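Here is the structure we will look at.
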There are 2 protein chains.
Amino acid sequence: MSQTVDRALSILPLLAEGPADLGRVAERLGVHKSTALRLLRTLHEHGLVYRQSDQRYRLGARLFALAQQAVESLDVREIAHPHLVDLNERCGHTVHLAVHEEHEVLYIDKVESRYPVRMYSRIGKPVAITVAAVAKLLLADLPETERRALAQRLDYPMYTSRSTPNATAFLKELATVREQGWATDLGGHEESINCIGAPVIGADGRAVAAMSVSAPNVVVTAEELLTLLPLVRRTADAISREYSGRTGSGPLPDRALAASPAAASPAPPHAHPTEDHP
Amino acid sequence: MSQTVDRALSILPLLAEGPADLGRVAERLGVHKSTALRLLRTLHEHGLVYRQSDQRYRLGARLFALAQQAVESLDVREIAHPHLVDLNERCGHTVHLAVHEEHEVLYIDKVESRYPVRMYSRIGKPVAITVAAVAKLLLADLPETERRALAQRLDYPMYTSRSTPNATAFLKELATVREQGWATDLGGHEESINCIGAPVIGADGRAVAAMSVSAPNVVVTAEELLTLLPLVRRTADAISREYSGRTGSGPLPDRALAASPAAASPAPPHAHPTEDHP
DNA sequence: AATGACGGTTGCACGATATGCAACGAAGCA
DNA sequence: TGCTTCGTTGCATATCGTGCAACCGTCATT
């Protein structure tokens, strides 16, 4: 919409590929060097771009700081964190929290396994959207049409022989997940790693986040992991209750609409830092 | 330098404080609503800004992905990581790696303590620049003038009674660090946490990164932690050797210039995807 | 229901502002 | 020394971003 800003922002993914010099940036943008220079300078002033000693540009520190602040201000994360820690203390495995945004699903919190074997993942990293338990949970209750459209658009990389192979299989899997209210990933991303997950439900009754427990085969078998399901669902429900007053599994929360549930229900859904506009 | 881009980028830190609606953004920027709208739309198209269901804007997913890619393309980090893991396995404590950029020092890697007590820090988070061991190491071998200028410009928050109180004390501390080639933070940031650190030396002989081991008092006393110093320095030197062939401590690397050290020295200093500067 | 207030959105005319050009400066190389 | 390459600067042009005013949808109030 705004040409100048558009060009400037296009520099970021370009630099994410690796450091580049002025000439290359100008070339890739299709603009004159002097133009690229001015854009880079502006990005530099805001700390989004850093000029290293060999004069080439790369992504800058402020980007981290921003991503940092962004993830910390997510209210679901705030509420969920203690529950995740709690769950981790009970079962010892890696616990993840993820949200769906735009066309990606990404981890926003993680509590590391207490076992020496750890899986590779990082907060902010987009998940394998076609196989991860959390991704299935979040996409499962998208509106019908969106779900179909998304499924068509996706790639279906075969990480392992048990990865979701195509859109049809994926939609079928989503239907199952939607119905049962929980999801698994049994070796679909990495041969030896299994996950089970459950959704965090928002005020509108849809999944606002999803959590999962992951463990490698060498620690527990898939069957053993599945015995944790009740615990995982209870944790997810506890988060949902605190976040929105609704829960994903069990009886629908009519009681939330009926009398005054007093106990733990009507917490403020969003936690705004300052409310200065009366 | 470029007004439009400047304005657009100013939105990011603004949203980092928390979600905001169009009106607030326009007001904070001092521009008309329609202008703010166009800027936000452009940011949105690039995924840097996300519009949540209540129509308010907040920072978007791509920011995470970018920060992610940026940190992963740092070559020091790549080289250092296995050494950090190794060190963690030997001593059990939290290990950090940090770099200096612009006017900040920030963590770019971390291996969590194996003890239940963990300290709060996160990759991408700027460190307490006046007290952290890694910060002292990185600032210690800045050119004289830059160091003085920086020291004057800084704030000196008294996190604890042992925090660096002012510029004079800081410069003196840096001189010590520079001379001895390692640094400590004994309760200067959090009363009960001690750190020791050592620098990673680049091809130009200056610190390109710094690493540290941190542990709370309840696990090991400061004296006990100091006994790890040789191990920490050896690890930092190993990283330096692999990264640039030079080391920080011990005899100056004449031998690196003399015969062929065969063993572990002349690794490619930078791992650029494409080497376009011969 | 009707009214008003509020926040977001659109189209447009104006001119501020981003653009490419050309010339300059600074390294690196033969 | 001359040549090439790359970053930088000043400037005239017109493109592109800007603010205005009007419009629309939603919500709250009477």
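Here is how names work: the chains are called A, B, and so on, in the same order as the sequence lines, proteins then strands, and each is numbered from 1. All of these numbers come straight from a predicted model, not from anything done at the bench.
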* Asked: Does B/H32 use its side chain to pair, donor to acceptor, with the backbone of B/A36 at less than 3.5 Å?
  -> no
* Asked: Between the main-chain N or O of B/S2 and the side-chain N or O of A/T42, is there a donor-acceptor pair closer than 3.5 Å?
  -> yes
* Side chain to side chain, B/H46 and A/L12, heavy atoms closer than 4.5 Å ->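 B/H46 does not reach A/L12 side chain to side chain.
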* Asked: How does protein reach along nucleotides 5-18 of chain D, written 5' to 3' as B (base within reach of a heavy atom under 4.0 Å), S (only sugar-phosphate), or - (no contact)?
  -> --BBB------SSB
[X] has an atom [atom1]; how far is it from atom [atom2] of [N], in whole Å?
X	N	atom1	atom2	value
B/D6	C/dA18	CG	C1'	14 Å
A/I11	C/dA18	CD1	C1'	14 Å
B/E27	C/dG8	CD	P	12 Å

* Smallest separation among heavy atoms of A/R178 and A/A140, with atom names -> NH1-O, 3.2 Å
* Could you please spell out the steps behind the side chain to side chain contact (heavy atoms under 4.5 Å, CB included) verdict for A/L39 and A/L29? => CA-CA 11 Å; A/L39 297 177; A/L29 282 187; 4.1 Å; yes
* Tell me, with the steps shown, if A/R148 and A/E144 meet salt bridge (charged side-chain N to carboxylate O under 4.0 Å, His left out). => CA-CA 6 Å; A/R148 298 191 90 83; A/E144 169 80 19; 2.9 Å; yes
With the criterion being N/O to N/O and under 3.5 Å, what pairs connect the protein with nucleotides 4-6 of chain C, and how long is each?
none

* Asked: Got more than 12 heavy atoms from elsewhere within 6.0 Å of CD, B/E179?
  -> no
* Verify side chain to side chain contact (heavy atoms under 4.5 Å, CB included) between B/I108 and A/F64, making sure each step is shown before the conclusion. => CA-CA 9 Å; B/I108 58 171; A/F64 303 107; 5.5 Å; no
